[in-house]
Amino acid sequence: MDLAKQYNPKEAEEGHYQRWEESGCFKPETNQNPDAGKYSIVIPPPNVTGSLHMGHALQHTIMDVLTRRKRMLGFRTLFVPGIDHAGISTQKMVTDKLWAEEQKTPLDIGREAFTEKVWAWKEKYGGTILSQIRREGISVDWSREHFTMDEDLSKAVRNVFVTLYEEGWIYRGARIVNWCPNDRTVLSDLEVEDETKKDGKLYYLQYPVKGADLKLTVATTRPETMLGDTAVAVNPNDERFRDLIGKTVDLPLTGREIPVIADEYVDMEFGTGAVKITPAHDPNDYEMGLRHQLEELNVMNLDGTMNEAAGADFDRLDRYEARRKVVEKFRELGLLEKIDDHEMVLPVCARCKTVIETLVSEQWWVKMDEMRDLALKLKRETDYPRFTPHNPNTKVYTDWLENLRDWTISRQLWWGHQIPAWYDESGEVYVARSAEEAARKAGTDKLTQDPDVLDTWFSSWLWSFSTLGWDGETTETEDLRRYHPTDVLVTARDIIFLWVSRMVMAALKFVGERPFDDVYITGTVLAKDGQRMSKTKKNGVDPIEVFDKYGVDATRITLAGSSTGMDFAWRDEKVESYRNFANKIWNATRFCLLNSEGARVDPKSLSDPESIADKWIISRLNKTARDVNDALEKYAFHEAVQLLYHFFWDDFCDWYIELVKDEISDGDQSEPQAVAGGSDPKSAARTRIISILEQALRLLHPFMPYLTEDLWQKLPGVSSDLHNPAYASAPATVMLADFPKGEEALIDERAESEMGLVIELITRIRNIRAEMRIKASEKLDVHVSADDSGQRIFAENEAQILKLARAGRLHLGDGLNVPKASAKGVMTSGAEIAVPLEGLIDFEMERERLSAQINNLKTEGDKLGKQLSNENFVQKAPPEKVEAVRERMSEIETQLKALKENLEVLG
RNA sequence: GGGCAUAUAUGUCAAUUGGUAGACAGCCUCCCUUACAAGGAGGAAGUUGGAGGUUCGAGUCCUUCUAUGCCCACCA
């Protein structure tokens with residue numbers, strides 16, 4: 001089999017995803033073991049309007065790594081995909097499109113026609129993100145794909161609504177709310193963001209005091225709201241205004257008179273110490289209005305213009321127009337005291353960034369008390385959910401729950417789950433699961449359904465169980481029983497409140513169990529400049545472009561390797577280096593395949609090592625496997641990636657392949673005999689290396705699914721025999737191969753330390769060669785003085801040492817007998833190396849080399865010497881630490897002694 | 001205004017319960033050695049943001065300062 005010299009990601013990705021999907025590998029049913037443990041994850045449903053960004057790619061990679069590993073370990077694994085209908089975003093997108101194409105508004109075409117258009121849009125474009133997700137290679141079960149507006153999920157939503165209503169947790173009421181004049185809907189507190197406005201103004205307006213030649217000055221950032229003022233408040237402890245409390249002021253421009261009231265809330269230090277009170281348009285004023293029974297005078301329309309209550313001069317004027325006009329009129333009346341610059345923070349709509357208004361409006365609410373208490377109790381008693389990283393997420397979650405307020409769930413939109421509430425002609429409300437049920441309850445079918453829809457999160461908070469078949473009527477399904485609670489939720493920090501905490505509450509309330517065991521919160525992928533990626537800054541990195549340039553596998557392992565829970569800046573160089581890693585894997589496989597005649601993958605060959613090198617690489621393999629598993633169990637993705645990278649590149653490629661190259665290469669000596677079973681030494685060695693490679697591919701597979709599958713399929717002798725027993729009957733694929741756990745019996749510390757000596761010797765000789773500027777073609781004579789065991793080890797590996805150090809001869813003994821013109825080195829063990837360099841040596845260079853080494857060792861020795869001469873250290877530190885320092889100290893002394901002698905010989 | 005996080009080699013980031021600071025990229029030297037130049041061999045580079053403290057020992061724990069970032073909050 002011929003492999004190209006270079007790895008080509010596109011070709012390596014070709015076809016595999018389709019094959020996996022078609023052969024059913026993504027479905028849990030592919031697991032034939034009735035006693036298998038389960039592992040399940042539900043994907044955080046991306047918005048149907050969305051397109052893939054790096055945050056998705058990161059989360060999806062993490063989830064897929066976890067899922068693929070567990071699947072290979074033999075768990076019955078379910079990874080559920082789906083998308084969210086994203087009420088506001090989607091409605092806006094279709095509204096814009098409607099205007100662009102037909103110059104019509106939703107109102108022009110009506111609710112039914114509009115929602116039809118949204119569905120049509122969804123069918124056409126909603127698949128964009130799904131196809132992008134496929135490209136990522138994630139092993140989700142597409143046969144269980146869900147959409148939050150699917151009929152069964154909608155049914156779940158209606159049932160939850162009705163249940164909460166009947167239990168008294170859902171109510172309808174007029175309260176102060178956040179209103180987006182652009183989207184023309186109410187927003188929950190979590191959908192409002194802050195935006196700092198540096199050029200804000202603080203206007204000082206004067207209100208004449210009734211029956212006195214006095215003016216009371218109030219400061220405001222929103223002068224237009226004065227049209228809705230129903231009081232002025234001062235602090236009761238404020239001496240300046242004591243006499244005014246209880247008096248009234250003339251509210252300019254309106255002809256109304258409003259009282260001066262006293263309230264502790266007023267900050268005496270800010271502004272003038274007197275505050276205009278607009279209960280209908282400010283949350284604090286609203287509260288104060290309730291305390292003092294003030295009238296709530298609504299002066300605004302829902303589109304951000306003033307209404308007739310604002311007075312004829314202002315009716316239908318845009319709010320900012322009205323602001324200018326109010327200020328102008330105050331100026332004309334001589335009642336405008338001054339305008340100060342005032343940096344301020346404005347609340348804006350999280351979606352469209354329009355400055356929101358607060359106004360009093362009739363909405364549906366959920367009282368969260370019971371569910372919050374359920375969640376908090378679980379947190380207190382069992383520290384659930386367990387967040388990774390623990391800090392600060394745990395505290396953020398708990399603090400938020402403790403201060404939880406009622407949730408506004410109605411939205412003035414057409415796209416979403418219409419609220420299952422109907423009104424009769426007298427305005428009486430009937431909450432029901434269907435129009436028929438409402439009619440029965442009302443005793444009439446002359447009912448009108450509430451036009452509003454529910455907050456998008458009112459469907460996504462059911463996601464962990466609604467996707468498994470729970471719809472409120474059917475509350476027990478095979479999938480629920482098997483896969484709920486899910487194992488881990490992987491998501492970004494910004495939806496801990498919006499989604500994570502609400503999922504906990506919903507699952508506890510409706511299913512009576514946790515929605516997931518662990519929560520892994522990923523860091524944020526920042527742009528190259530360390531800033532947040534954003535469309536306006538145009539500093540975003542498109543995952544699809546990265547896939548195209550470097551391949552999906554390189555991108556995935558880059559993301560996993562960067563995932564420590566901290567935020568991290570995106571660097572193309574990083575992917576590039578993992579692309580190079582992919583190329584390394586490709587070429588290592590290419591090498592093995594070029595020398596694979598007579599060999600076939602056989603895991604049993606790994607329990608049958610021949611040489612120290614074999615024992616060593618098998619030990620390294622098993623240790624790596626063990627540590628990778630440990631790392632992934634604790635969500636230490638970067639650690640797992642580092643382990644695999646170094647095992648594959650350093651241990652396997654740089655050392656093992658080089659060590660056994662001659663043994664397995666086609667050469668003049670022993671041709672592999674074409675006997676079955678590969679019993680001749682060459683075939684055995686080939687079988688061994690290809691089997692080690694095969695194990696490595698399995699370990700890498702969760703991170704680099706395409707490349708590993710592509711190469712695995714090319715190995716001789718792969719079949720479903722290599723699968724985890726749970727998948728014995730499935731078509732051969734590395735994704736069902738048994739994931740190596742690392743066998744303790746094959747971890748051989750002695751082989752590792754012996755091989756360590758060989759590696760050190762080779763490295764020292766190479767070092768001498770490089771520093772003495774000896775040409776690569778120059779064969780060296782190497783003399784080594786070592787103890788008996790050292791001599792034995794070096795003798796056993798003589799061929800490899802000669803080859804890798806490019807030496808002609810290796811002289812082993814217990815002493816050195818070499819000419820003065822030699823370059824020398826001392827190993828950690830004290831073994832000495834000498835390379836005679838008659839005619840090649842530069843004595844000055846050699847002196848410098850030895851002196852540098854002496855200096856380094858001296859510095860370290862001085863440090864340790866100090867430590868050892870410290871009574872306190874020797875007495876108080878753990879004995880093994882003291883012993884370790886002593887050992888190192890004696891190594892240093894031995895080496896120093898030898899190096900100094902060598903230096904003296906040079907004169 | 002509160003709360004939290006981060007500051008480590010030129011850059012991006014690691015460092016298990018305190019125990020001689022690591023990786024990748026970049027940089028320097030040499031090498032197109034038939035798996036791979038997207039490579040190989042060797043090398044240089046850090047008072048771990050500043051200042052104190054605890055300890056035999058501090059990147060790691062405590063105090064404080066500085067810088068940056070995130071979250072929460074009603075300051076008109």
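Chain letters run A, B, ... following the sequence lines, proteins first and then strands; every chain starts at 1. Excluded from the calculations below are hydrogen atoms, water molecules and symmetry mates; all remaining heavy atoms, backbone and side chain alike, are included. Only a predicted model underlies this, so the values are computations on that prediction, with no experimental measurement involved.
The two residues K528(A) and A569(A) have their closest heavy-atom pair at O-CB, 4.4 Å.
At most 12 non-hydrogen atoms from other residues, nucleotides or ligands lie less than 6.0 angstrom from NZ of K858(A).
Seen from the ring of F591(A), K661(A) counts as a face-on cation partner, given the 6.0 Å and 45° thresholds. With W407(A) as the aromatic partner, R502(A) meets the cation-pi criteria of under 6.0 angstrom to the ring centre and within 45 degrees of the ring axis.
When distances are taken from the side chain of D282(A) to each of rC13(B), rA35(B), rA76(B), the shortest belongs to rA76(B). Residue K574(A) has its side chain nearest to rU12(B) when only rG42(B), rU33(B), rU12(B) are considered. Considering only the side chain of H646(A), rC24(B) comes nearest among rG40(B), rC24(B), rA76(B). Each of rA76(B), rA15(B), rG19(B) was ranked by its minimum atom distance to the side chain of P878(A); first place goes to rG19(B). Each of rG39(B), rU12(B), rU33(B) was ranked by its minimum atom distance to the side chain of W649(A); first place goes to rG39(B). With rG19(B), rC56(B), rA41(B) as the candidates, the nucleotide lying closest to the side chain of K881(A) is rG19(B). Minimum atom distance to the side chain of R888(A) is reached by rU20(B), of the listed rA35(B), rU20(B), rU29(B). You'll find that the side chain of F568(A) is closest to rC13(B), out of rC13(B), rA35(B), rC56(B). Of the candidate nucleotides rC36(B), rG42(B), rA14(B), rG42(B) has the atom nearest to the side chain of A770(A). Taking the side chain of F270(A) as heavy atoms from C-beta on, and the options rU12(B), rC75(B), rC74(B), the nearest nucleotide is rC75(B).
Among the protein residues, R579(A) comes within range of the nucleic acid bases, having at least one heavy atom under 4.0 Å from a base atom. Among the heavy atoms of the strands lying under 4.0 Å from Y265(A) is at least one base atom, whether or not backbone atoms are also near. Across all strands, A776(A) comes closer than 4.0 Å to no nucleic acid atom at all (heavy-atom distances). T564(A) comes within 4.0 angstrom of the backbone, heavy atoms only, and of no base. Contacts of D654(A) with the nucleic acid, taken as non-hydrogen atoms under 4.0 Å apart, involve only primed sugar atoms and P, OP1 or OP2. In this structure, F497(A) reaches the sugar-phosphate backbone alone: every heavy-atom distance under 4.0 Å involves primed, P, OP1 or OP2 atoms, never a base. No contact: C592(A) has no heavy atom under 4.0 Å from any strand. As judged by a 4.0 angstrom heavy-atom cut-off over every strand, T763(A) is placed among residues touching the sugar-phosphate backbone only.
Across all strands shown, nothing is found opposite rA44(B) as a Watson-Crick or G-U wobble partner with both distances under 3.5 Å. Under the Watson-Crick or G-U wobble criterion, with both distances below 3.5 Å, rA35(B) has no partner in any strand shown. rC24(B): Watson-Crick or G-U partner is rG11(B), with both key distances under 3.5 Å. With a cut-off of 3.5 Å on both pairing distances, rU55(B) has no Watson-Crick or G-U wobble partner at all. In this structure, rA73(B) forms no base pair with any nucleotide, since neither Watson-Crick nor G-U wobble geometry is met with both distances under 3.5 Å. For rA5(B), the paired base is rU68(B) (Watson-Crick or G-U wobble, both distances below 3.5 Å).
In terms of position on RNA chain B, the residue among Q867(A) and L526(A) whose nearest nucleotide sits closer to the 5' end is L526(A). Mapping N856(A) and W570(A) onto RNA chain B by nearest heavy atom places W570(A) at the nucleotide closer to the 5' end.
One interatomic measurement links the two molecules: CD of E778(A) to P of rC31(B), which rounds to 14 Å at whole-angstrom precision. Taking atom CZ of residue R532(A) and atom C1' of nucleotide rC71(B), one finds them 10 Å apart after rounding to whole Å. Counting to the nearest Å, the C1' atom of rG39(B) and the NZ atom of K584(A) are 6 Å from each other. Separating the CG atom of L559(A) from the P atom of rU12(B) is a distance of 18 Å, rounded to the nearest angstrom. Atom CG in D567(A) sits roughly 12 Å away from atom P in rA7(B) (whole-Å rounding).
Using a 4.0 Å cut-off, some side-chain N or O of N767(A) falls inside it from OP1 or OP2 of rG43(B). Remark: T221(A) is not in phosphate contact with rA76(B), judged by side-chain N or O atoms under 4.0 Å from OP1 or OP2. Contact between the side-chain N/O atoms of N580(A) and the OP1/OP2 oxygens of rC36(B) is not found at any separation under 4.0 Å.
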Steps toward side-chain contact (heavy atoms from CB on, under 4.5 Å) verdict (F652(A), I692(A))
CA-CA 9 Å; F652(A) 185 67; I692(A) 292 165; 3.7 Å; yes
side-chain contact (heavy atoms from CB on, under 4.5 Å) for M827(A) and E760(A)? Distances and angles first, verdict last.
CA-CA 7 Å; M827(A) 291 178 57; E760(A) 190 187 351; 3.7 Å; yes
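Straight-line distance between the P atoms of rC13(B) and rG18(B): roughly 26 Å, to the nearest whole Å. Distance noted for atom P between rG57(B) and rU20(B): 15 Å (whole Å). A gap of 23 Å separates the C1' atoms of rC27(B) and rC36(B), to the nearest Å. The same atom, C1', is picked in rU34(B) and in rG40(B); the two are 14 Å apart, to the nearest Å.
Looking at Q642(A), its side chain has no donor and acceptor atom pair within 3.5 Å of the base of rA23(B). Between the side chain of E658(A) and the base of rA35(B) there is at least one donor-acceptor pair of N/O atoms closer than 3.5 Å.
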